[in-house]
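One structure below.
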Amino acid sequence: MDPLELFKEWYLEEKTLSGAALPGACCLTTLGLDNFPNSRFVSLKEIKNGAFIITGLTDSRKGQEIAVDNKVALAFWWPCSAKQVRVQGVAVPIDPEEAAVYFAERDTAAQLVSVISRQGAPLGDYDKMHEALREALAAGKHRQVARPEGWGGYAITPARIELMRFSETRLHHRNLYEQKDGQWVQQQLQP
């Protein structure tokens, strides 16, 4: 079975069972510029052309790290359906036109935060930034927010996908799929 199709089934199951606002929330891990692993939560937008699509500021720490080493990992934890998915793959930037479409889908506040904030940079005055957001929201209620230059996304093409179903006996069902010569090779793993 194609692990991407199985992933989509599991995703829909968790979305249905949990009713979660962000069922695509996942942990993205990169190799930090200081050679320490660096993890943060991001939101999966979709699977497109066999790749996991995530978006955000490409000049942020994650973007800088991906620019140096584009081997990344994603981890999904779905407690309602008792499943976990781990992905290892290679991240490449998506086209600016695609990024513009994803940016337009964001709510206005999220768009404006991407414009007024330098994600991850030191913050001197939170109240001042909050006021800037409030003013931007008030001024731009009926305007379209332009995508900032440093906002884009990545297509993560998986090299490995591990799908695990939890069991009350702790004998979890783990299946590893690896790309070999353009084909998925499946191997069951011990819990």
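Of the inter-residue distances, the one linking Leu163 atom CG with Glu9 atom CD reads 10.5 Å to the nearest 0.5 angstrom. To the nearest 0.5 Å, atom SG of residue Cys26 and atom CZ of residue Phe76 are 4.0 Å apart. Atom CD1 of Ile156 is separated from atom NZ of Lys71 by 14.5 Å, given to the nearest 0.5 angstrom. Rounded to the nearest 0.5 angstrom, Met129 CE and Asp127 CG are separated by 11.5 Å. Considering CG of Leu12 and OG of Ser81, their distance stands at 11.0 Å, rounded to 0.5 Å. Distance check: Leu74 CG to Ile161 CD1 gives 9.5 Å after rounding to the nearest 0.5 Å.
For Trp184 and Phe7, the distance between ring centers is not under 6.0 angstrom. When ring centroids are compared, Trp78 and Phe166 stay outside the 6.0 Å threshold.
A 4.5 Å side-chain heavy-atom check between Val90 and Val72 finds every atom pair outside the cut-off. Counting heavy atoms from C-beta outward, Glu46 and Tyr102 have side chains that approach closer than 4.5 Å. Between Val145 and Phe103, the closest side-chain pair of non-hydrogen atoms falls below 4.5 Å. Contact annotation: the side chain of Phe52 approaches that of Pro158 to within less than 4.5 Å [non-hydrogen atoms, C-beta and beyond]. Inter-residue side-chain proximity for Arg160 and Val87 is flagged as unmet; no heavy-atom pair is nearer than 4.5 Å. For the pair Lys48/Glu98, a side-chain contact is recorded, criterion being any heavy-atom separation below 4.5 Å from C-beta on. Side-chain contact check for Arg106 versus Ser114: some heavy-atom pair is nearer than 4.5 Å. For the pair Leu4 and Tyr177, the minimum side-chain heavy-atom distance is 4.5 Å or more.
In this structure, Lys8 pairs ionically with Glu5, as a charged nitrogen and a carboxylate oxygen lie closer than 4.0 Å. Ion pair Glu65/Lys62 not flagged as a salt bridge, since none of the NZ, NE, NH1 or NH2 atoms sits closer than 4.0 Å to an Asp/Glu carboxylate oxygen. Classification of Lys45 and Glu105 as a salt-bridged pair fails, no side-chain N sitting under 4.0 Å from a carboxylate O. A salt bridge does not link Lys83 to Glu14: none of the charged nitrogens lies less than 4.0 Å from a carboxylate oxygen.
Atom CZ of Arg147 has more than 12 neighbouring heavy atoms from other residues, nucleotides or ligands inside a 6.0 Å radius. More than 12 heavy atoms of other residues, nucleotides or ligands shown are found within 6.0 angstrom of CG on Asp125. The local environment of CD in Gln183 is sparse, with at most 12 non-hydrogen atoms from other residues, nucleotides or ligands closer than 6.0 Å. More than 12 heavy-atom neighbours from other residues, nucleotides or ligands sit within 6.0 angstrom of CZ on Arg174. Heavy atoms of other residues, nucleotides or ligands lying less than 6.0 angstrom from CZ of Arg40 number more than 12.
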| said: Using the rule given for side chain to side chain contact (heavy atoms under 4.5 Å, CB included), can you reason through Phe41 versus Leu22, listing the C-alpha separation, both sets of side-chain angles and the distance that settles it, and then say yes or no? | reply: CA-CA 11 Å; Phe41 280 88; Leu22 293 172; over 6 Å; no
| Under the side chain to side chain contact (heavy atoms under 4.5 Å, CB included) criterion, do Ile53 and Ile47 qualify, and how do the steps go? | CA-CA 6 Å; Ile53 308 295; Ile47 293 179; over 6 Å; no
| request: Start with the C-alpha distance between Thr29 and Asn38, add both sets of side-chain angles, then the distance that settles side chain to side chain contact (heavy atoms under 4.5 Å, CB included), and finish with yes or no. | output: CA-CA 5 Å; Thr29 302; Asn38 200 359; over 6 Å; no
| message | side chain to side chain contact (heavy atoms under 4.5 Å, CB included), that's the test. Do His173 and Gln188 meet it? Break it down for me. | response | CA-CA 8 Å; His173 299 271; Gln188 193 163 17; 4.3 Å; yes
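For the pair His172 (side chain) and Ser167 (backbone), a donor-acceptor distance under 3.5 Å is present. In terms of modelled atom types and a separation under 3.5 Å, the side chain of Asp95 and the main chain of Glu97 share no donor-acceptor contact. Panel note: side chain Thr30, backbone Gly32; no donor-acceptor pair is recorded below 3.5 Å. A donor-acceptor pair under 3.5 Å links the side-chain atoms of Thr58 to the main chain of Gly150, judged by distance alone.
Across all their heavy atoms, Gln64 and Asp59 have their closest contact at NE2-O, 3.1 Å. Here the shortest heavy-atom pairing between Tyr11 and Pro23 reads OH-CG, 3.5 Å. Of all the heavy atoms in Leu57 and Ser117, the pair that sits closest is CD1-O, 4.3 Å. Contact record, Pro148 with Val115: CG-CG2, 3.9 Å, taken as the closest heavy-atom pair. Across Ala51 and Ala155, no two heavy atoms sit closer than the pair CB-CB, 3.9 Å. Summarising the geometry of Ala91 relative to Ile66, their closest heavy-atom pair is CB-CG2, 4.0 Å, with the distance given to 0.1 Å.
Asn175 is linked by a side-chain hydrogen bond (donor to acceptor under 3.5 Å, both in side chains) to Gln186, counting only residues two or more places apart in sequence or in another chain.
Taken together through direct or relayed side-chain contacts under 4.5 Å among Ile, Leu, Val, Met, Phe, Trp and Tyr, Trp77 and Leu17 form parts of separate hydrophobic clusters.
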